[in-house]
Amino acid sequence: MMRFNTLFIVLFVGLFSTAQNTEKKKDSIIALDEVQLITMIKKKIETDMKMAVSVDEFLASSDNISFIKRGAFAWEPLLNNMSSERSTITIDGMHVFGACTDKMDPITSYVESNNLDAIDIKSGQEGNMHGATVAGSIDLKRKSTPFNLPKKWNGAYQTGFEFNNKQFFNLANASYSSDKFVADGSLAYRKAENYSDGNDDEVAHSQFTKFNASLGLAYKTSDLSSVKVEAIYDEAKDVGYPALPMDLWLSRALITSATYKQLFEEGLVRAWDTKVYFNAIEHYMDDTTRPENLVHMDMPGWSTTYGLLSNINLQSNKLSSEIQLNAYNNLSTAEMRMYPQDRSERTMFAYSWPAVTTTFAGLSINNAWEISDQSLLNFGGSLGVNYNHSKYVEFNWIFHPGTPQEKTRLLPSLHAGYELNINKFDFSVGGGYGHRAPSVSEGYGYYIYNSFDRYDYIGNPDLKNEISYEGNASAGFTDNKLSIQAKVNYFYIQNYIIGRILSLGSPMNYQSVGVKGYTSLDYSTLFNFSLNGSYSILNNLHWKGTLTYARGQDDNGNNLPFIRPLSYQTALHYKYNRFNFQTSINGDLEQINYSPEYGEDQTPQYTIWNLSADYTFRIAAYRTVVQVGAENILNEYYSTYADWGNIPRMGRNIFTSLKFNF
Ligand SMILES: [Cu+2]
């Protein structure tokens, strides 16, 4: 993969030619990139507690996201308490698929907080815009500087140190904006050593190193049109996964795209965006750092995706619509090579992903109809065709003799929701229906070792589509001091895909206790509830709180795994002159509804207390913020319901950061 190195140099040169800046005033500009006809929730990529967060830490601040953690790096996001196969995770609508059979590399691990502008999370079938889903969608929105800003150069540099794992990070981003030309670039580097838990014991194999660079160049081809090319290069090296029996030696991603955007001043069609994209990921695991392994396995994986995305925005008097065509082709291959400890001779070779092609094409339509000043109806649907092909089908034939090499599925989706605003109250109610295809592992995986329940997993190409029926509702109250909002959703998922013990076959990994095959349960149900409140106690003193509860059960009334117990967060924010002080307490109650059948044990309750302070000042013309804080101040020893193998979380962590805005 020589092209990675060339690209790296191009990015580097590109960035250093754009390294000085002035302050950003984006709000006053009406620009090409600001046209968004269907409203989106936009958030700044920082949390109340911490201004220098990782993408994972930022996502964690959303109340419908939880995480499976296999260490300190690359957490697997769970949307609505469902595993990542059930959501579509995209970068600006582009599909990127991880190359690790053990989920060491969710897509969120290939971006950085300084090349993102926002994360757009949609629950359930409302998230069908980028493809078939059950849980919803997470779209990572990259920074996109508008044309013709009053100040041509903008940027920021952020550095910091976290004491617990000696993490040192440097994040820089810069943009140039002129009448005809825009450039956006970012560089990020993080290096961390092993972290320590609440007993001050070092958690071995929890270090990581990550480098990320991105570049976007846009050119205005006419008053109302532009072209843009973008690239992200990400490299993670020497990443430990304390909860897994192996680590990561190297993971590299190249994510590229070219976009043509046309705006229209009048008429029904207001904007038309077309993007072609390519991304390639390579992933090399390493278990030679673990002396306890008697047999070594190399398990490299590769994932390559080509795609097309075309989006039209339509606007008539009271109705705005978005129509999107998604098409992509992905090839996922993973190998398993086994060696005895002296590595002199290879003893076994298998494809854990037998070169599986997934080709998807789908059309989605979403509409927002303003019925009156108080009420809005959102409705939409999509239809997709999903095609799979397994090149080395003989690996699938071992457990599913004679299964066809190819499989085509139709994936429909429908949703509708009604929103009502009366004075200070708002209400919504909605429903959805949708199918998803099994993932590559669920359909075609071969002996994928799951260290959580210690079974080897076998895919089943003949699995039925998972079918979701969903209902949701919310109610809220907002005035200038108090805001309170309650949300619920309920999913009834037919043909729910999960691993079940197979009587045939013997385990291949020496740690594993048996073989599980992916099968469909008749159905499963999932319920999610959240309550959010905020209150302005004084002008400069604010309170915020969140409570979430979820329940998941299979068709026998048994608990589903990785369902978050009752959890809470409460935070106070105080502003004094140029100082900000924040403190928060968060925790989960005891996990009552755990699932021994799927490898879970009961997790006790925990409470974490955090504190931070920041100060804003100027160094010459540069607005500078310095922050100091501590997470888990009381050094509590804990692990959560979703910590793989009950690995303990980080103990007390003092963090510092400094940010200059140019
Ligand atoms: Cu891996």
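Only this structure's heavy atoms are used, side chains among them; waters, hydrogens and symmetry mates stay out.
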For [X] and [Y], indicate whether the former's side chain and the latter's backbone hold a donor-acceptor pair under 3.5 Å.
{"X": "D105", "Y": "A99", "answer": "yes"}
{"X": "S372", "Y": "Q374", "answer": "yes"}
{"X": "H415", "Y": "N366", "answer": "no"}
{"X": "D120", "Y": "D139", "answer": "no"}
{"X": "S113", "Y": "V53", "answer": "yes"}
{"X": "D56", "Y": "W75", "answer": "yes"}

For residues 427-438, tabulate all N or O donor-acceptor pairs below 3.5 Å that involve a side-chain atom, not counting sequence neighbours.
unit_1: S428; atom_1: OG; unit_2: S474; atom_2: OG; d: 2.7
unit_1: Y433; atom_1: OH; unit_2: H435; atom_2: NE2; d: 2.8
unit_1: H435; atom_1: ND1; unit_2: N465; atom_2: ND2; d: 3.2
unit_1: R436; atom_1: NE; unit_2: E466; atom_2: OE1; d: 3.0
unit_1: R436; atom_1: NH1; unit_2: E442; atom_2: OE1; d: 2.9
unit_1: R436; atom_1: NH2; unit_2: E442; atom_2: OE1; d: 3.4
unit_1: R436; atom_1: NH2; unit_2: E442; atom_2: OE2; d: 3.2
unit_1: R436; atom_1: NH2; unit_2: E466; atom_2: OE2; d: 3.1

Aromatic plane relationship, W153 with Y176 - under 30° parallel, 30 to 60° tilted, over 60° perpendicular: tilted

Rounded distance (nearest 0.5 Å) linking atom OG of S83 with atom CD1 of I68: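 S83 OG to I68 CD1: 7.0 Å, rounded to 0.5 Å.
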
CG-CG distance between N580 and D614, expressed to the nearest 0.5 angstrom: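 If we round to the nearest 0.5 Å, N580:CG and D614:CG are 4.5 Å apart.
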
Ring center gap for F97 and Y328 short of 6.0 angstrom: yes

Near-ring test F278/Y306, centroid separation under 6.0 angstrom: yes

Distance-only donor-acceptor check, side chains [X] and [Y], under 3.5 Å:
{"X": "N311", "Y": "D273", "value": "no"}
{"X": "Y260", "Y": "T221", "value": "no"}
{"X": "S123", "Y": "N80", "value": "yes"}

